[in-house]
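As structure tokens, the structure follows; a few thoughts come after it.
Naming convention: chains lettered A, B, ... in sequence-line order (proteins, then strands); numbering from 1 in each chain.
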Amino acid sequence: MTQYWLMKSEPEEYGWHDLVRDGEGVWDGVRNAQASNNLKAMREGDLALFYHSRTGLEVVGIMRVSAAAFPDPRDETGRWVAVKVQPVDPLKRPVSLKAIKANPKLADMAILRQSRLSVAGVTCDEWKEILRLAGNAE
DNA sequence: GCCAACGTTGGC
DNA sequence: GCCAACGTTGGC
């Protein structure tokens with residue numbers, strides 16, 4: 001069964017367009033225990049929302065986990081992990097943080113409860129609702 | 001740019 | 001093992 005996630009990045013740092021350009025990206029640099037546990041729980045084939053933090057404040061795309069957790073190549077301590085992701089589809093209409101907050105179905109999302117969590121789980125219902133708002137629902 | 005929230009570090 | 005100081009993140 002597919003699990004759903006939301007992953008944050010500042011667009012200036014590494015944005016959706018960078019991932020599209022690269023075709024595949026290594027999601028490294030996560031240095032938070034809770035976020036790291038989420039990375040470890042990911043399996044190949046899981047789906048994730050790409051969220052632009054700080055200067056974007058919106059969900060912009062859908063990606064697929066293409067490799068489960070492995071040691072973060074940029075981490076010398078060996079404590080942290082990274083995953084690989086591939087872009088699947090851009091959202092037809094990006095879903096803003098404001099829209100998420102305003103939607104009762106999304107009011108319990110992990111990123112609202114803990115805004116600093118950079119890798120968070122998304123429930124199946126939340127996933128469907130966001131894709132519906134984005135116009136990407138099948 | 002500011003500041004609140006939160007995690008981490010280090011002195012004791 | 002506690003907790004104050006500090007650093008980082010991310011919304012505003």
Send over the distance from Glu10(A) CD to dG1(B) P, rounded to a whole Å. 14 Å

What integer distance in Å separates Glu13(A):CD from dG10(C):P?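 Value for this atom pair: 11 Å.
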
Check this for me: does any side-chain nitrogen of one of Asp72(A) and Arg79(A) sit under 4.0 Å from a carboxylate oxygen of the other? no

Does the ring center of Phe50(A) lie less than 6.0 Å from the ring center of Trp5(A)? no

Taking transitive links into account, so neighbours of neighbours count too, which hydrophobic residues share a cluster with Val26(A) at under 4.5 Å side-chain distance? Phe70(A)

May I have the list of side-chain donor-acceptor pairs in residues 80-93 of chain A shorter than 3.5 Å, sequence neighbours left out?
residue  : atom : partner   : partner atom : Å
Gln86(A) : NE2  : Glu24(A)  : OE2          : 3.4
Lys92(A) : NZ   : Gly135(A) : O            : 3.1

Under 4.0 Å from any atom of DNA chain B, heavy atoms only: list the residues of residues 96-106 of chain A that qualify, in numerical order. none

Compare every heavy atom of Ala35(A) with every heavy atom of Leu117(A), then report the nearest pair and how far apart it is. CD1-N, 3.7 Å

5' to 3', nucleotides 3-9 of chain B under a 4.0 Å protein heavy-atom cut-off (B base, S sugar-phosphate only, - none) gives --BBS--

Before giving the answer on side chain to side chain donor-acceptor pair (under 3.5 Å), spell out for Asp22(A) and Tyr14(A) the whole-Å C-alpha distance, their side-chain angles and the decisive distance to 0.1 Å. CA-CA 11 Å; Asp22(A) 294 345; Tyr14(A) 191 85; 2.8 Å; yes

Residues 95-108 of chain A vs side-chain hydrogen bond (donor to acceptor under 3.5 Å, both in side chains), sequence neighbours excluded, gives Asn103(A)-Glu129(A)

Got a sec, which residues hit side chain to side chain donor-acceptor pair (under 3.5 Å) with Arg21(A), two or more places apart in sequence or on another chain?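 For Arg21(A), the residues satisfying side chain to side chain donor-acceptor pair (under 3.5 Å) (neighbours in sequence not counted) are Asp18(A).
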
